[in-house]
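Not measured: the values here are computed from a predicted model.
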Amino acid sequence: MDTIIQGAGGFIYPLALFSILTMYVIIERAFALRTKNVIPPEMTDAFISGDIVNHQGDMKSVAGRIVYFFRHTNPDSDALKAFARLEIIRLERGLFILEIVISGAPLLGLLGTITGLAEAFSAQLAKTGMPDKEHFVQGIALALTTTMVGLCIAIPALIANSYFHRRVELLATKLEVGVERLIDLSKRR
């Protein structure tokens, strides 16, 4: 581990920041996008059975907030859809950070590669006309280490970003169906 930290030089600090941000967003979104936090099973059952118009709603889940908004403001269908869309957008909170890491970490690794190779090949020549071995090895270590660390950060961020976007899309579809059901049931009253 010390070899990696030393090999990456000053590039290790922004790469470490990318790593910390990635872990934070992954953990936070994993908890936030759980089914019980978005559309709990009892809310799904209420939407299906038509009992949702009698449900008071709550502030514990996205579906609960939508029903609460419906029950307490008596909005028209467009206002309810707009509120639901706002709640769905909130589900994507923090995912832009993963997108920044996905593109930034490999680019930072590439910058480290270029810097390391420039350092390796521009090292002052020893009196014998050969490159200084110490500078050459340090430059190559910087080049390889920063590339490796940048990719090791970006790949899990890419996987998590894809998963979370798919999860948000699935949950948004369920919520939109629920909102349509709520609008339909309210018109029948």
Side-chain angles (χ1 to χ4, degrees), residues 1-41 44 60-66 82-124 131-178:
M1 188 66 163
D2 289 338
T3 308
I4 293 173
I5 293 172
Q6 290 173 351
F11 290 97
I12 197 67
Y13 299 110
L15 287 168
L17 177 62
F18 279 155
S19 179
I20 291 166
L21 288 173
T22 299
M23 290 307 300
Y24 174 78
V25 172
I26 289 172
I27 292 168
E28 191 274 334
R29 287 291 88 195
F31 281 105
L33 294 177
R34 291 182 299 173
T35 302
K36 74 174 193 168
N37 291 338
V38 180
I39 183 165
T44 303
K60 295 178 183 176
S61 67
V62 175
R65 287 191 294 272
I66 291 170
F83 183 79
R85 186 68 196 138
L86 179 66
E87 288 292 325
I88 290 168
I89 288 172
R90 288 181 61 206
L91 294 176
E92 297 174 346
R93 182 181 64 230
L95 294 183
F96 75 95
I97 293 172
L98 291 180
E99 293 169 6
I100 291 170
V101 169
I102 289 167
S103 58
L107 288 175
L108 195 57
L110 181 61
L111 180 62
T113 301
I114 294 167
T115 304
L117 291 175
E119 184 178 306
F121 291 112
S122 69
Q124 293 190 1
D132 182 24
K133 289 179 184 178
E134 184 179 328
H135 281 73
F136 186 79
V137 170
Q138 286 176 348
I140 296 299
L142 177 64
L144 296 176
T145 304
T146 56
T147 302
M148 178 189 67
V149 173
L151 290 174
C152 286
I153 294 168
I155 291 170
L158 178 64
I159 293 167
N161 190 50
S162 297
Y163 171 77
F164 288 137
H165 274 293
R166 179 70 179 124
R167 181 91 176 128
V168 167
E169 185 179 321
L170 175 69
L171 294 169
T173 302
K174 287 181 177 182
L175 288 169
E176 288 169 0
V177 168

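Between the CZ atom in Arg167 and the CG atom in Leu91 there is a gap of 10.0 Å [rounded to 0.5 Å]. Atoms NE2 and CG, on His165 and Leu170 in that order, are 14.5 Å from each other to the nearest 0.5 Å. To the nearest 0.5 Å, atom CG of residue Leu95 and atom CD of residue Glu28 are 9.0 Å apart. Remark: Ile88 CD1 to Lys174 NZ distance equals 13.0 Å, nearest 0.5 Å. Rounded to the nearest 0.5 Å, atoms CD1 (Ile153) and CD1 (Ile102) are 12.5 Å apart. Distance check: Thr35 OG1 to Leu171 CG gives 6.0 Å after rounding to the nearest 0.5 Å.
The shortest heavy-atom contact between Val38 and Leu175 is CG1-CD1, 3.9 Å. Smallest separation of non-hydrogen atoms from Phe164 and Val25: CE1-O, 4.5 Å. A pairwise comparison of heavy atoms in Leu151 and Pro156 identifies O-CD, 4.3 Å as the closest pair.
Taking the side chain as every heavy atom from C-beta outward, Thr22 and Leu98 approach each other to under 4.5 Å. The shortest side-chain heavy-atom distance between Leu111 and Leu107 does not fall under the 4.5 Å cut-off. Looking at Phe96 and Ile100, their side chains come closer than 4.5 Å, going by heavy atoms from C-beta outward. Residues Phe11 and Val149 fail the side-chain proximity criterion, which asks for heavy atoms closer than 4.5 Å.
A side-chain donor-acceptor contact under 3.5 Å links Arg34 to the backbone of Phe31. Without hydrogens or angle criteria, Ser19 side chain to Leu15 main chain gives no donor-acceptor distance under 3.5 Å.
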Step by step, would you call Thr113 with Thr146 a side-chain contact (heavy atoms from CB on, under 4.5 Å)?
CA-CA 6 Å; Thr113 301; Thr146 56; 4.0 Å; yes
